[in-house]
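Let me begin by presenting the structure, written as C-alpha cells, before commenting on it.
Residue numbers count from 1 along this sequence. These values consider heavy atoms only, across backbone and side chains, with no hydrogens, waters or symmetry-generated copies. Being a predicted model, the structure only gives us computed values, none of them experimental.
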Amino acid sequence: MSPVLPMTKYHQIYLVLREQLHEGRFSEGFPGELALMQQFGVARVTVRRALEQLASEGLISREPGRGTRALDVGASPAAPRGQTAQRAQLTGLLENLVSMGLKTSVNVLEVELVTASASVATALQLKPGDPVQKAIRVRSTREGPVSHITTYVPADIARKFGRRELAKKPILVLLEESGVQVGRAHQTISARLADVMVAKHLDVAVGSALLAVRRLVYDEQDRPIQWLHGLYRPDRYEYEMQLSRVGSIDAKVWVSKELSAKFH
C-alpha cells in the first residue's frame with residue numbers, strides 16, 4: 001500500500017477558500033494577498049499558488065491593478081420539495097434538534113441584522129438585500145466545543161428574540177414561542193475543511209475535516225423560516241439513521257428515518 005502523502009499548505013488554503021466561495025462568503029469583497037498571508041500564516045508564494053488554482057477553475061478573477069474578486073459560482077442551497085434523491089427528509093429531525101440543544105451549552109458569538117446575500121435570499125425565498133437575522137453560535141459539551149452554527153432567519157420573525165434568548169434556548173423553541181408552527185426541513189450532510197475562524201472556535205487545526213450540515217426549515221405554510229449552516233467535529237458528533245426499502249419489487253427505494261444525533 002502506498003503511503004499517504006501530507007496535504008500541501010497551498011492545497012489546504014485552496015480547499016478552504018473554494019468552499020467559502022461556494023458558500024458566498026466573499027460577496028462584499030475578496031481578501032488581498034497580504035490578508036490571506038496573515039490569516040493562514042504562510043508566504044506570498046503559497047497564497048499565490050492557491051489563488052492561481054482558484055482562478056484556473058473560474059472561481060475568482062485576478063486582474064493587475066484591480067486585485068482579486070469572487071465570481072458567481074451559482075450556488076443553489078435549497079432543494080425543491082419533490083427532490084428526494086440525496087436529500088434526506090428525516091422523521092423526528094426537529095424533535096432531535098431541540099433535544100440536542102438542551103443537552104449542550106452555547107456561546108453566542110454574534111447576532112446582528114444583515115442584508116440577505118443572494119444565496120441566503122434564494123434559500124429563504126426573499127429578495128437580495130432584504131433584512132435577516134444572522135446568528136453565530138458555538139455549542140459545547142463537557143469535553144469541549146462540538147459545533148459552529150450560523151443561522152439566518154427572516155427579520156419579521158426574528159424580531160421577537162435576540163442574543164439573550166439565543167443564549168438560553170434552542171432556536172427552534174424560540175421560533176415556536178414566536179408563534180411559528182414549524183413544519184418540515186430539508187437537510188444535506190457533506191464535508192468541509194476548517195478555516196481559520198472555525199478552527200479557532202472548535203479547537204482544531206486549520207484544514208481539518210468537519211461534518212457540514214445545511215438545513216432549511218419551513219413552517220406549516222411551507223414558508224422558509226430558518227437557513228442553517230452547521231460545522232461539527234466528527235470526533236465528537238455522531239449521526240445515526242435507519243434505512244428501509246419501500247415500493248414495488250422493481251422500483252424499491254431507500255427511505256431514511258433519523259434515529260439519533262449524539263455528542264461524544
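In this structure a side-chain-to-backbone donor-acceptor pair under 3.5 Å is missing from S208 to V204. For the pair R184 (side chain) and D219 (backbone), a donor-acceptor distance under 3.5 Å is absent. Here the side chain of S178 pairs a donor or acceptor atom with the backbone of L174 at under 3.5 angstrom. A side-chain donor-acceptor contact under 3.5 Å links E165 to the backbone of G162.
The hydrophobic clustering, which links ILVMFWY residues whose side-chain heavy atoms are closer than 4.5 Å, places F40 and M197 apart. Hydrophobic clustering, with ILVMFWY side chains joined whenever heavy atoms are under 4.5 angstrom apart, groups V182 together with F161.
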Evaluate side-chain contact (heavy atoms from CB on, under 4.5 Å) for W227 paired with R214, printing each intermediate quantity in order. CA-CA 8 Å; W227 177 226; R214 296 291 181 266; 3.9 Å; yes

Check against side-chain contact (heavy atoms from CB on, under 4.5 Å), D156 and Q133: CA-CA 9 Å; D156 63 310; Q133 181 200 74; over 6 Å; no

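A salt bridge does not link R233 with E143: none of the charged nitrogens is closer than 4.0 Å to a carboxylate oxygen. With salt bridges taken as basic N to acidic carboxylate O contacts below 4.0 Å, one links E177 and K169.
Between V111 and K134, the closest side-chain pair of non-hydrogen atoms is not below 4.5 Å.
Checked against side-chain contact (heavy atoms from CB on, under 4.5 Å), E63 has the following partners two or more places apart in sequence or in another chain: S61, R66, R69.
In this structure, R49 places its CZ atom where only 12 or fewer heavy-atom neighbours from other residues, nucleotides or ligands lie under 6.0 Å away.
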